[in-house]
Amino acid sequence: MMPHMNTVYGQGQVMSRRYAFRPLKCIIDRLITEHSVVGDRRKVVMEVMHHSAEFLLPPISSEPAGSSLRYALVVLNQPIPRFTPLLWKHSQLRVFADGGANRVYDELPRLFPHEDKLDIRRRYKPDLIKGDMDSIRSEVLDFYTGLGCKVIDKSHDQETTDLHKCVSYIEDFTGELEKSNVCILVAGALGGRFDHEAGNINVLYRFSAMRIILLSNDCLIHVLPRTHDHKIHIQSSVVGPHCGLVPIGMPSSRTTTTGLKWNLTDTEMKFGGLVSTSNIVSGDTVTVQSDSDLLWTISIKNLSDYELNSI
Ligand SMILES: Nc1ncnc2c1ncn2[C@@H]1O[C@H](COP(=O)(O)OP(=O)(O)OP(=O)(O)O)[C@@H](O)[C@H]1O
Ligand SMILES: Cc1ncc(C[n+]2csc(CCO)c2C)c(N)n1
């Protein structure tokens, strides 16, 4: 369930007695004028939504009790990011989207060159494989079914992407009250075919009540819904400084930010006009207020082997 927002109006409505003996046209004119004055003075106080990339830091032992979010991981059919074992460790549910299973099967053992391949494959066993199953190799499917993994074959559904199918499963699996506390991490969502990237971004909007973060080796992106003000906590050891705010889907008439090198102050953003790319974070937090949903993106640092191995 999305947290509700509080709306605070600047003036009370005591118009009926005041206009009781005036001609109708006059009343209407005054109402139109006063309504726009009230509109200008109206102050909307939004609840603040917090964001962080804590899932790129080694998990702390108190998790999940210490963290307010619970994570689910979806692995797509793209080269797996080098920090995938970290995402795995933070997650309580792991799902392979069709050909994503081949990626874990083939590529994860390469991240642990001194360990036995089979041990690694058994250790990184998903809770579910779901998709239209036209990309997963039969030996890979046999391996994971042999381990007892659940498989949902949706080969009859050629209307939605494999990522959509996986997110839909997680959404069904998540109670209404839990939705705002669950965050879906999608590994391998960016940097490949553009039609797939656009489809992956569309999933952010199709499931707008869920927190979903698309990740590649180089960056992460997620939506900042217009229903909230946003406070983005920057873990500068793992993300930044490059970032962007992009009004995908609809223009924004007014966006205001703090914590960026090039801040916006009630600024309009739209494709064909201004979009904030190649921006730089300048502190520990970035705040964003906008009248439109925006995409937030921030670069992911090239984590050292030391950091990656400390998991
Ligand atoms: N090149 C890519 N770039 C970004 N995302 C990708 C790419 N390839 C696959 N994906 C993501 O991984 C998911 C699973 O990929 P898979 O190749 O199994 O899908 P598919 O439906 O068979 O794709 P195709 O359109 O090639 O038939 C896709 O739904 C998509 O979200
Ligand atoms: C208008 C329209 N465009 C493309 C597709 C194709 N498509 C979209 S999702 C999907 C499944 C991929 O696993 C496929 C084949 C469609 N159905 N409708």
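Computed from a prediction, not measured in an experiment: that's the story for all the values here. Note that ligands are numbered from 1 as they come in the structure, with each ligand's atoms numbered from 1 the same way.
- Counting non-hydrogen atoms of other residues, nucleotides and ligands closer than 6.0 Å to CZ of F173 gives a total of 12 or fewer.
- The closest donor-acceptor contact from the side chain of D127 to the backbone of K150 lies at 3.5 Å or more, if one exists at all.
- Using a cutoff of 4.0 Å between basic side-chain nitrogens and carboxylate oxygens, R226 and D293 are scored as salt-bridged.
- Listed by chain and residue number, the protein contacts of ligand 2 are D132, Q158, E159, T160, T161, D162 (heavy atom within 4.0 angstrom).
- Using a 30° and 60° split on the angle between ring planes, W88 and Y124 fall in the perpendicular class, above 60°.
- In this structure, ligand 1 sits under 4.0 Å from heavy atoms belonging to L76, N77, Q78, A97, D98, G99, D132, D134, S135, T161, D162, L163, G188, A189, G192, R193, H196, N200.
- For H233, the ring pair (Phe, Tyr, Trp, His ring centres under 6.0 Å) test picks out H50, with sequence neighbours left out.
- For R137, the CZ atom counts as densely surrounded, since its 6.0 Å shell holds more than 12 non-hydrogen atoms of other residues, nucleotides or ligands.
- In this structure, R121 places its CZ atom where more than 12 heavy-atom neighbours from other residues, nucleotides or ligands lie under 6.0 Å away.
- Side chains of R70 and N181: no donor on one and acceptor on the other come within 3.5 Å.
- When hydrophobic side chains of Ile, Leu, Val, Met, Phe, Trp and Tyr are connected at separations under 4.5 Å, I280 ends up clustered with W262.
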